[in-house]
Number of protein chains: 2
Amino acid sequence: MSSTHITVADVSGRFYPSFHSPLSMTRTRTLGDPAPETARDAVADGLESASVVTVFGRCEVDYEGRATSYLGPGDRMVVCKPDGTLLVHTNEQRTPVNWQPPGCEHAASLRNGSLALTSVRENPDERVEIGFQRVDAVVVYGMEDVEELELSGTEEDLRQRILDKPELIEDGFTPEETEYATDAGAADIVGTDTDGVRTVVELKRRRVGPTAAGQLRRYVDALERAGTEDVRGILVAPSITEGARTVLEEEGLGFVSLEP
Amino acid sequence: MSSTHITVADVSGRFYPSFHSPLSMTRTRTLGDPAPETARDAVADGLESASVVTVFGRCEVDYEGRATSYLGPGDRMVVCKPDGTLLVHTNEQRTPVNWQPPGCEHAASLRNGSLALTSVRENPDERVEIGFQRVDAVVVYGMEDVEELELSGTEEDLRQRILDKPELIEDGFTPEETEYATDAGAADIVGTDTDGVRTVVELKRRRVGPTAAGQLRRYVDALERAGTEDVRGILVAPSITEGARTVLEEEGLGFVSLEP
DNA sequence: ACATGCATTTCGCAT
DNA sequence: ATGCGAAGTGCATGT
């Protein structure tokens, strides 16, 4: 639009070295209310430089792939990550209203004089097209991030605790295999009880419903089909729903309450 | 930091009316490399004004709730939505590295002279603490968005097609109930086949594994437990895995290939 | 509030 | 590439 916008963009768009790590490639460019051409160029440069590009503006979104969707005009926040991830966020919800998983090709262009973003991937063939009616801001952010998330309280942690202390399941329980492959998937823990009876343990880190009970049943059945005569099944979770209890009882399966 | 930064922030931080809809409350404020106090104030104002607040900077993240996590220092993009959603995005992946679902309380403060964000909720008690070592940019974006996503190709669409044309399942199939409640959950479609035999249909919009076969089995079993003598089960999906086929065969269940 | 299942689930891991 | 299940799953819907 007017050259004023470009001037503002040039003022607010800056390069500077990282404050705490002098060798960092971190750099930030901020454009306020850019003209379409300015926005297109900034986005294209950002995509090329492996930066995270965020566009704030009013847009429409078309999606076609595993499903199909159309989103009418509204203010959104659009994020393109250098790994090929696309996010379209509205002003509510944790889940993006439209998105593309990592591995996509992103491109910026001008369509009828307005900024347009395209994200495509194959396998499956999927395409997201975003047409902007207005661009309020663009941030091109060259990020450095080497840290991994340290997460605890997972099902894996629960399993480790049981392997360290099998009596948490019941006295005399001896774990023998983890991730034991059956016809119907992998059972979390398989071992023997105090009487030497083969016992399948299914772990859940939170309260469970009928699905988990059915899953345990599948493994017990698979072991029986595979030739083991007597097989017990124990579901381990903090708690279970009434529906889960029904399935367990009908199938003669057990439940042990255990927090992750 | 230096007053230069504050000046830059003031230049790039602007308010303006929406370009295309004059009555819109849309407004955007962009700060580049703000001093901690400036950032804190902008974030606090944004949270108060029901805007989407996005902070680009180097930070650490602590989470405690259903699980526990720590994320060491790195460049991230942090989004606070007016519905209480929090997103912490790295430069890769579709899923935020840390987050908080809608309904949280967000607050901005200064900790040791640096910007800090806190997000808390109850039921379950969960808390995310973000400590910034550097703030590269802040965008406060007052969004207007009334459009709903129009999505097609869902399981619901597949069900409607079958109800309109039951012979897609097999000749003589007559749907009688949808979302039919059983002990073990709700069955998608229940009807009778050409011989009047009660038939449960489980729908999936994409290729399925053993889980879906087990789910169908649960419903068939529940109907039999509930008194129906002979019950058939049919899994409807574009395709199934070998593991799913095994379960279906062992349980005498059928499969019909159908695309959504 | 709880139960239940879908989701353009995403993601990681094993085959 | 496909199969399989976990996830701090999120989310809508029904009770």
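For clarity, every value in this text was computed on a predicted model and none was experimentally measured. Letters A, B, ... mirror the listed sequences (proteins, then strands); counts begin at 1. Hydrogens, waters and symmetry mates play no part in the numbers below; they use all other heavy atoms, side chains included.
Within the structure, every pair that satisfies the salt bridge (charged side-chain N to carboxylate O under 4.0 Å, His left out) test and touches residues 177-188 of chain A, not counting sequence neighbours, is listed here: A:Arg159-A:Glu179, A:Glu177-A:Arg198.
A:Glu156 CD: more than 12 foreign heavy atoms inside a 6.0 Å radius. By the 6.0 Å contact criterion, CD on A:Glu148 is open, its count of non-hydrogen atoms from other residues, nucleotides or ligands being 12 or less.
Listed in residue order, the members of residues 91-98 of chain A having a heavy atom less than 4.0 Å from DNA chain C are A:Val97, A:Asn98. Within a heavy-atom distance below 4.0 Å of DNA chain D, the residues of residues 201-215 of chain A found are A:Glu202, A:Lys204, A:Arg205, A:Arg206, A:Gln215. Annotation: proximity of residues 238-260 of chain A to DNA chain D (heavy atom, distance under 4.0 Å) is found for no residue.
Heavy atoms of B:Arg218 sit under 4.0 angstrom from primed sugar atoms or phosphate atoms, though from no base atom. Contact annotation for B:Pro102: backbone-only contact, meaning every heavy-atom pair under 4.0 Å involves sugar-phosphate atoms and none involves a base. Residue contacts shown for B:Ala184 are limited to sugar-phosphate atoms, with no base heavy atom under 4.0 Å away. If you check every strand for non-hydrogen atoms under 4.0 Å, B:Thr154 touches sugar and phosphate atoms only.
In this structure, CD of B:Glu156 is placed 10 Å from P of D:dG14, rounded to the nearest angstrom. Distance A:His89 NE2 to D:dG10 P: 13 Å, rounded to the nearest Å. Here the P atom of nucleotide D:dA12 and the CG atom of B:Asp83 are 11 Å apart, to the nearest Å.
OP1 and OP2 of D:dG8 both lie 4.0 Å or more from every side-chain N or O belonging to B:Tyr70. Phosphate contact (OP1/OP2 of D:dG10, side-chain N/O of B:Trp99, threshold under 4.0 Å): present.
Mapping A:Glu126 and B:Glu179 onto DNA chain C by nearest heavy atom places B:Glu179 closer to the 5' end of the strand.
Base-pairing analysis of DNA chain C finds the following stems of at least three consecutive Watson-Crick or G-U pairs, with both pairing distances under 3.5 Å: C:1-7 with D:9-15, C:9-15 with D:1-7.
C:dG5 and D:dA7 have their C1' atoms separated by 16 Å, with the value rounded to a whole Å.
Put simply, chain A comes within 4.0 Å of DNA chain C, heavy atom to any atom, from C:dA3 to C:dC11, going 5' to 3'.
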